[in-house]
Amino acid sequence: MTQVIRTSAELRARVAAWKRSGMLVGVVPTMGALHDGHLSLVAEARKQSDRVIVTIFVNPMQFNNPSDLEKYPRDEGHDLALLEAAGVDVLFAPGVDEVYPEGFSTKITVSGVSEPLEGAFRPGHFEGVATVVAKLFGMTQAGRAFFGEKDWQQLQVVRRLVTDLNIPVRVIGCPTIREADGLAMSSRNVRLSPEDRAIAPALPAAMERAAAAMRAGTPVAEALETARAEIAAAGLGPIEYLDLRHAESLAPASDLNAPARMLAAVWLGDVRLIDNIAV
Ligand code: PAF
């Protein structure tokens with residue numbers, strides 16, 4: 001039975017009782033609209049922790065676009081049923097006033113890693129993410145936190161945050177879960193029209209081809225240019241970025257001499273797809 005908790009005071013009491021019995025607590029922070037990608041994080045959290053909390057909070061501070069916030073899919077009843085079936089102990093679903101009470105005035109800026117890519121196209125997004133994640137760590141007091149590699153840059157920002165602020169949580173990145181045709185699972189995919197859904201897998205397919213070309217010796221810039229042309233030819237766009245970066249710092253990478261990641265953000269209709277792969 002998954003217990004639904006809405007206040008941090010109640011959550012703190014529940015977690016304190018677990019910790020008194022020596023239990024290791026894992027948290028999976030989410031914004032709801034759960035899919036198999038989230039459930040894979042829950043499964044990993046269950047393997048690596050004695051008790052699992054899933055948080056659902058659609059964080060207004062990380063939406064730079066008010067209509068994206070408004071359109072963000074929400075279905076707590078359905079999410080709760082999935083969490084029950086997955087054996088989650090607590091769903092922590094606070095309201096906006098619980099997270100940002102009257103007078104709230106703190107924002108956390110993680111410089112460097114949060115500046116390019118998503119940071120450049122979504123001003124303020126990572127301040128919102130870093131602030132709410134730090135709050136969720138404080139509220140849940142979890143020892144382990146599970147994040148999807150689908151949001152690769154977010155994962156690097158959270159790792160930096162935890163290191164810089166000495167937050168006592170171990171951050172665990174889990175692989176992206178994909179549909180059978182290669183499209184990365186995302187809560188926003190439900191907003192794709194059937195026509196757009198059919199062409200969306202062209203994005204990961206072009207990225208995989210570019211990665212294979214780079215590994216085979218094609219210059220990085222040339223492989224990226226071919227991928228951009230293929231993505232546009234498939235009917236996706238505009239492309240906000242498709243780039244090769246150093247996997248951790250996200251500084252530009254022009255060769256494969258150090259661990260590299262290819263990252264993309266591409267519009268399809270009014271849905272913004274993001275994806276990334278190791279190269
Ligand atoms: O990845 C998400 O769903 C969100 O950015 C997170 C980490 C739950 C913070 O709101």
Side-chain angles (χ1 to χ4, degrees), residues 35-38 40-41 43-44 112-122 125-126 146-160 171-189 192 195-269 271-279:
H35 49 66
D36 285 352
H38 297 110
S40 74
L41 302 179
E44 195 54 36
V113 71
S114 71
E115 287 166 21
L117 308 171
E118 291 300 287
F121 283 93
R122 302 183 66 189
H125 169 66
F126 283 126
F146 299 81
F147 290 85
E149 290 184 350
K150 161 81 172 25
D151 294 296
W152 182 263
Q153 191 175 6
Q154 168 173 280
L155 178 59
Q156 308 316 313
V157 169
V158 170
R159 287 194 192 285
R160 191 74 252 164
V171 175
I172 293 144
C174 304
T176 301
I177 304 296
R178 296 181 181 277
E179 305 287 355
D181 59 13
L183 179 65
M185 289 193 186
S186 162
S187 303
R188 289 182 175 87
N189 290 352
L192 290 169
E195 297 72 30
D196 286 346
R197 174 65 191 80
I199 60 172
L203 172 62
M207 292 172 73
E208 285 296 352
R209 277 192 297 274
M214 288 175 195
R215 287 181 208 115
T218 304
V220 166
E222 186 186 323
L224 291 174
E225 220 22 72
T226 304
R228 286 190 197 105
E230 288 174 359
I231 290 164
L236 290 99
I239 299 173
E240 285 190 344
Y241 59 82
L242 171 68
D243 220 347
L244 189 74
R245 297 277 167 154
H246 184 278
E248 270 179 36
S249 70
L250 298 179
S254 53
D255 56 43
L256 304 184
N257 291 336
R261 204 88 191 170
M262 192 188 306
L263 302 102
V266 177
W267 284 93
L268 186 49
V271 180
R272 188 171 176 276
L273 302 177
I274 62 167
D275 205 342
N276 70 86
I277 56 172
V279 183

Residue pair [X] / [Y]: nearest heavy atoms and the distance that separates them:
X    : Y    : result
L263 : Y241 : O-CD1, 3.5 Å
D255 : N257 : OD1-N, 3.1 Å
A202 : A234 : CB-CB, 3.5 Å
Q154 : F147 : NE2-CD2, 4.1 Å
L192 : A200 : CD1-CB, 4.2 Å
A184 : T176 : CB-CG2, 3.8 Å

Does a side-chain heavy-atom distance below 4.5 Å link [X] with [Y]?
X    : Y    : answer
L250 : W152 : yes
Q153 : P116 : yes
N189 : L273 : yes
T218 : T226 : no
E195 : I199 : no
C174 : E149 : no

Check: Step by step, would you call V220 with V279 a side chain to side chain contact (heavy atoms under 4.5 Å, CB included)?
Finding: CA-CA 11 Å; V220 166; V279 183; over 6 Å; no
Item checked: Criterion side chain to side chain contact (heavy atoms under 4.5 Å, CB included) on R197 and E179, from CA distance to verdict -> CA-CA 11 Å; R197 174 65 191 80; E179 305 287 355; 3.5 Å; yes
Return the [atom1] to [atom2] distance between [X] and [Y], rounded to the nearest 0.5 Å.
X    : Y    : atom1 : atom2 : value
L117 : R261 : CG    : CZ    : 12.5 Å
N276 : D151 : CG    : CG    : 8.5 Å
D275 : K150 : CG    : NZ    : 6.5 Å
I231 : L242 : CD1   : CG    : 5.0 Å
L203 : L268 : CG    : CG    : 9.0 Å
I277 : L244 : CD1   : CG    : 9.5 Å

Item checked: All pairs passing salt bridge (charged side-chain N to carboxylate O under 4.0 Å, His left out) where residues 208-223 contributes a residue, at least two apart ->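 Pairs touching residues 208-223 that pass the test: R209-E230.
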Item checked: Side-chain donor/acceptor of D243 to backbone N/O of M262, under 3.5 Å ->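 Between the backbone of M262 and the side chain of D243 there is no qualifying donor-acceptor contact (under 3.5 Å).
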Check: Are E118 and R272 close enough for a salt bridge, meaning some N to O gap below 4.0 Å?
Finding: yes
Notebook entry, point to check: With sequence neighbours left out, what residues match D36 under salt bridge (Lys or Arg N to Asp or Glu O under 4.0 Å)?
Noted result: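 In terms of salt bridge (Lys or Arg N to Asp or Glu O under 4.0 Å), with neighbours along the sequence ignored, D36 is linked to no residue.
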Note to self: Can you tell me if E248 has over 12 outside heavy atoms packed within less than 6.0 Å of its CD?
What the structure shows: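 No.
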